[in-house]
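Worksheet: the structure to be examined is printed underneath.
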Amino acid sequence: MAQAYADLLAGAGITRGLIGPREVPRLWDRHLVNCGLLAAAFDDGTTVADIGSGAGLPGIPIAIARPDVCVVLVEPLLRRATFLQEAVAALGLDNVEVVRARAEELAGHRAFPVVTARAVARLDKLAGWTLPLVAPGGWLVAMKGAAVTEELDGARRAIQRLGGEVVGVEQYGADLATEPTTAVRVRVSDTRAAGSSSGGRSARRKRGRGSGKR
């Protein structure tokens, strides 16, 4: 299944402008493996929302590696959301839901036990988009790179204002890959008002369906 997804990225992913041609030789180590290693970060049977999913990274590798986890791919652009719907159908991923919407549009309507994102924005800005979507007591697990410490220094205050607390920087797959996956884990207070409890609904009942936007 992972190979079939790699083939989709190397084909339609390039022709539709979702990834650059130079990424093809490093699809596995830089993208699929890097994102797949994050699958170890989540509890059994939880729901994970991938904000700004783009070509499905990290959401689709997580869904492939963890069929017990429901993954919600949130992507505002039509051409990307269409690719995601087609990829989910082609791969037979019945634990994935595709939602075409901006994060700000979902705030107050959907809330998720876990939210993740990769290469979307610096952590201070990302917190403003993602933390309102995290259910009370839930987690933001944001994939980050070498500049993670610098980003954290500038984002802690914004995270606290939004009801979050930085738990720490975690690494996954140090024993499996040359470059382990790095993520910042933020916990949202149990006492913060919930936007909605609908994020926990099973994606299996909504396979490949969008948010209703056209």
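Being a predicted model, the structure only gives us computed values, none of them experimental.
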Quiz item: Ile159 and side-chain contact (heavy atoms from CB on, under 4.5 Å): which partner among Val184, Leu140, Val186?
Solution: Val186

Self-check item: Candidate list Ile14, Leu27, Ile60, Leu18, test side-chain contact (heavy atoms from CB on, under 4.5 Å), partner Leu9, passing option
Solution: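 Exactly one option meets the side-chain contact (heavy atoms from CB on, under 4.5 Å) with Leu9, and it is Leu27.
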
Quiz item: Once you round to the nearest 0.5 Å, how far does SG of Cys35 lie from OH of Tyr5?
Solution: 7.5 Å

Practice problem: Rounded to the nearest 0.5 Å, what's the gap from CG on Leu93 to CE on Met1? Could you check? | Solution: 5.0 Å

Is it true that [X] and [Y] have a side-chain N and a carboxylate O under 4.0 angstrom from each other?
| X | Y | value |
| --- | --- | --- |
| Arg118 | Asp50 | no |
| Arg100 | Glu75 | no |
| Glu170 | Arg185 | yes |

Quiz item: Is there a path from Phe83 to Val24 through hydrophobic residues (I, L, V, M, F, W, Y) whose side chains come within less than 4.5 Å of each other?
Solution: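 Linked within one cluster.
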
Quiz item: Does Leu77 belong to the same Ile/Leu/Val/Met/Phe/Trp/Tyr cluster as Val120, with side-chain heavy atoms less than 4.5 Å apart forming each link?
Solution: no

Test item: [X] and [Y] side chains (from C-beta on) under 4.5 Å apart, heavy atoms:
| X | Y | answer |
| --- | --- | --- |
| Leu73 | Val99 | no |
| Leu38 | Ile62 | yes |
| Phe112 | Arg110 | yes |

Quiz item: Is atom CD of Glu104 surrounded by more than 12 heavy atoms (other residues, nucleotides or ligands) closer than 6.0 Å?
Solution: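 Yes, CD of Glu104 has more than 12 neighbouring heavy atoms, counting only those of other groups under 6.0 Å.
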
Hey, is the main chain of [Y] close enough, under 3.5 Å, to the side chain of [X] for a donor-acceptor pair?
| X | Y | value |
| --- | --- | --- |
| Glu105 | Arg102 | yes |
| Thr182 | Gly145 | no |
| Arg157 | Asp124 | no |
| Thr82 | Leu78 | yes |
| Asn95 | Ala63 | yes |

Quiz item: With Arg16, which residues qualify under salt bridge (Lys or Arg N to Asp or Glu O under 4.0 Å), at least two apart?
Solution: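 Checked Arg16 against salt bridge (Lys or Arg N to Asp or Glu O under 4.0 Å); matches are Glu86.
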
Quiz item: Given the rule in the side-chain contact (heavy atoms from CB on, under 4.5 Å) test, do Leu126 and Glu151 qualify, once you have shown the distances and angles that lead to the verdict?
Solution: CA-CA 11 Å; Leu126 182 66; Glu151 287 194 39; over 6 Å; no

Quiz item: Do Asn34 and Thr181 have side-chain N/O donor and acceptor atoms under 3.5 Å apart?
Solution: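 Side chains of Asn34 and Thr181: pair found under 3.5 Å.
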
